[in-house]
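Nothing here was measured: the structure is a model prediction, and the numbers come from that model. Note on naming: letters A, B, ... go to the chains in the order of the sequence lines (proteins, then strands), and numbering restarts at 1 for each one.
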Number of protein chains: 2
Amino acid sequence: MPPNGRRTTLADIAQAAGVSVATVSKVVNGRGEVAPHTRARVQELLHQHDYLAPVFRHTEAVGSPTIEVQFQGGLKSYVAETLEGIMDSAAEAGASVVISKVCRAPHWARDLASAGRRAVIAVTSVYTATHLRELARAGLPLVVLDPLHLPDSRVNSVGATNFAGGLAATRHLLSLGHRRIAYLGGPGMAVCNQARMHGYRAAMEAEGAPVPDACVRPGEFTYEAGLLGTAALLDLEEPPTAVFTGNDEIALGVIEAARVRGLRVPEDLSVVGFDDTHLAQMASPPLTTVRQPLREMGAAALRTALRLANGEKAESHHIELATELVVRASTAPPGG
Amino acid sequence: MPPNGRRTTLADIAQAAGVSVATVSKVVNGRGEVAPHTRARVQELLHQHDYLAPVFRHTEAVGSPTIEVQFQGGLKSYVAETLEGIMDSAAEAGASVVISKVCRAPHWARDLASAGRRAVIAVTSVYTATHLRELARAGLPLVVLDPLHLPDSRVNSVGATNFAGGLAATRHLLSLGHRRIAYLGGPGMAVCNQARMHGYRAAMEAEGAPVPDACVRPGEFTYEAGLLGTAALLDLEEPPTAVFTGNDEIALGVIEAARVRGLRVPEDLSVVGFDDTHLAQMASPPLTTVRQPLREMGAAALRTALRLANGEKAESHHIELATELVVRASTAPPGG
DNA sequence: CTGAAAGCGCTTACAG
DNA sequence: CTGAAAGCGCTTACAG
């Protein structure tokens, strides 16, 4: 809140605090010779007026903006490929990309802002109202990639057409002649997972295929979850002949679980993944999967972040890019 | 070259150029009203004296250093896992990590320096003498991770004990009873590949096992290379019963090539990878491989980069971390 | 096109 | 512990 568009100066603070510029300067530079209560009052005012020391000013002026990309957990294929899209798009725009794991120290957003970041892109991370407030206070725009929550008009986000993807995957299996198709999904409360599952349900219902409760299993987006989930499915009275999974990692677990039981993929069990990360192409057999345009999604997120950093509005607070079924070698008619 | 430790100021340049400070200021700020030849002379001097505008000075002063990590090609598992090590270590040290793809515009090194980078970490990238000179001129230290060239005392690098890894992998196969073991490697001129291959050769020779030329194939570090190489190996008069590969991606290609021919892994063909990326754990069957401590290597590179950025010396210009054989399900005695 | 001069934001040695 | 004053590096309106 500098008076009229001007930067806040030490003189502004000095006047507001009723002390000399020299004293304010000492506080800013952490010199010792200031009375504690004077120091406290001045610090409070510096904070309120959003004072930025000259050394940090480049932050706002410089032409090449820096975007912070945060993610949780490991740098998995999904994140890596999204990141590539972000990087390519940033290189084109002359922007820099800083990566970090989500870690919320007391003033994380303010710290990012004063380190020169102009916007934050969060990859599949949970953001609460508190985080949003921190970010807003620091003046940092946020773009969420593959949001875990429902699109919220206060947050800008980029996703993919998950429902359509679930529908396409399931229809593909149905068209091959499968009827007993299971869904081995991700966390139950993640919207992307819910949409994929409902796409699956919609396709099954349209075909009049039964969906027993035991055939729809939420879980984690991991290989281990695929391994365990498949074991449970294959122990069923009437095991499925095909499994549609929440992502490629789960699908790889399914393939391995089948192998361990002496089942061949796709002859004895068909498997469809989701994402089309490199994992899908390098699986044995190569995985039929629903492609998410991860690079394009990353690129879109970066462009939106840059626009917001520039004070412009995003065209829409949420955009979704199209998914697409990619048929490879892990699906075949049942009873090979 | 500021006189005596002091920063170069506009006054220094003005004096050297025999013009007023005002004129130099105009040149720095790109204002129009300066004669072309005056502008040229001043610009030359600014460059020579390494003048840095106040807005950019934070670059050198600030406590939280920024490290640029560059890599070539895609953000593959190998790079992603190394990057995780770099990030964790950076978070601990309060440093920031900027990622970018190698792309060498005219003044790339100088541009990085003036954008505030304090060091560069190159992941498996080729650096020529010219690049090194650019970097040196910009005052930017370099650490190469998994160098493609032989350790050079002018470059700081971090690697792994590749020869020992090749030896361990091959011994493992020999101890299972294999004699016809092939090596499907990476690029012939990459030192890491050479070391792995010589480890393989050393183990074979020690055992008196023959190494026919057709059984040692250099190639790319890719799935496709694994696919193609295996096809060639299996077409041999006496095909190998086991394949040791230059990295995990190649190994996944081998597994798929075997499957396509109706061969089971490990019953009909044993496969050993290299790296122990996530790919290895998620393969079907899970891959026996030589673990490179990628996170630790990344962490070591970051620490070295920070030390160099600080003007300290690295303890050694090249360090190697230990590799370790990880036995999973892709290896078994021959003729299962 | 150039530079003397006024001025700005900041720091610091020093008097109180 | 505080602030008046000198000074530094830079910018800019203006006279030449």
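As rounded to the nearest Å, C:dG7 and C:dG3 have C1' atoms that lie 16 Å from one another.
No donor-acceptor contact under 3.5 angstrom links the side chains of A:His107 and A:Arg137, judged on distance only. Side-chain atoms of B:Ser100 and B:Glu68 include a donor-acceptor pair closer than 3.5 Å. One side chain, B:His318 or B:Ser157, offers a donor N or O that lies under 3.5 Å from an acceptor on the other.
Dashed line: the shortest gap from a side-chain N or O of A:Tyr51 to OP1 or OP2 of C:dC10 is under 4.0 Å. Distances shorter than 4.0 Å separate some side-chain N or O of B:Ser25 from OP1 or OP2 on D:dT11.
Atom CG in B:Leu10 sits roughly 12 Å away from atom P in D:dT12 (whole-Å rounding).
Partner assigned to D:dA4 is none, using Watson-Crick or G-U wobble distances below 3.5 angstrom. In this structure C:dA13 sits in no base pair that meets the Watson-Crick or G-U test at under 3.5 Å.
Under the side chain to side chain donor-acceptor pair (under 3.5 Å) criterion, B:Glu44 pairs with B:Gln48, sequence neighbours left out.
Within a 6.0 Å sphere centred on CD of B:Gln15, heavy atoms belonging to other residues, nucleotides or ligands number 12 at most.
Comment: B:Glu134 does not engage B:Arg110 in a salt bridge, judged by the lack of any side-chain N to carboxylate O separation of less than 4.0 angstrom.
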>> Does the protein touch nucleotides 1-8 of chain D at the base, only the backbone, or not at all? Give it as B, S and - per nucleotide, heavy atoms under 4.0 Å.
In response: SBBB----
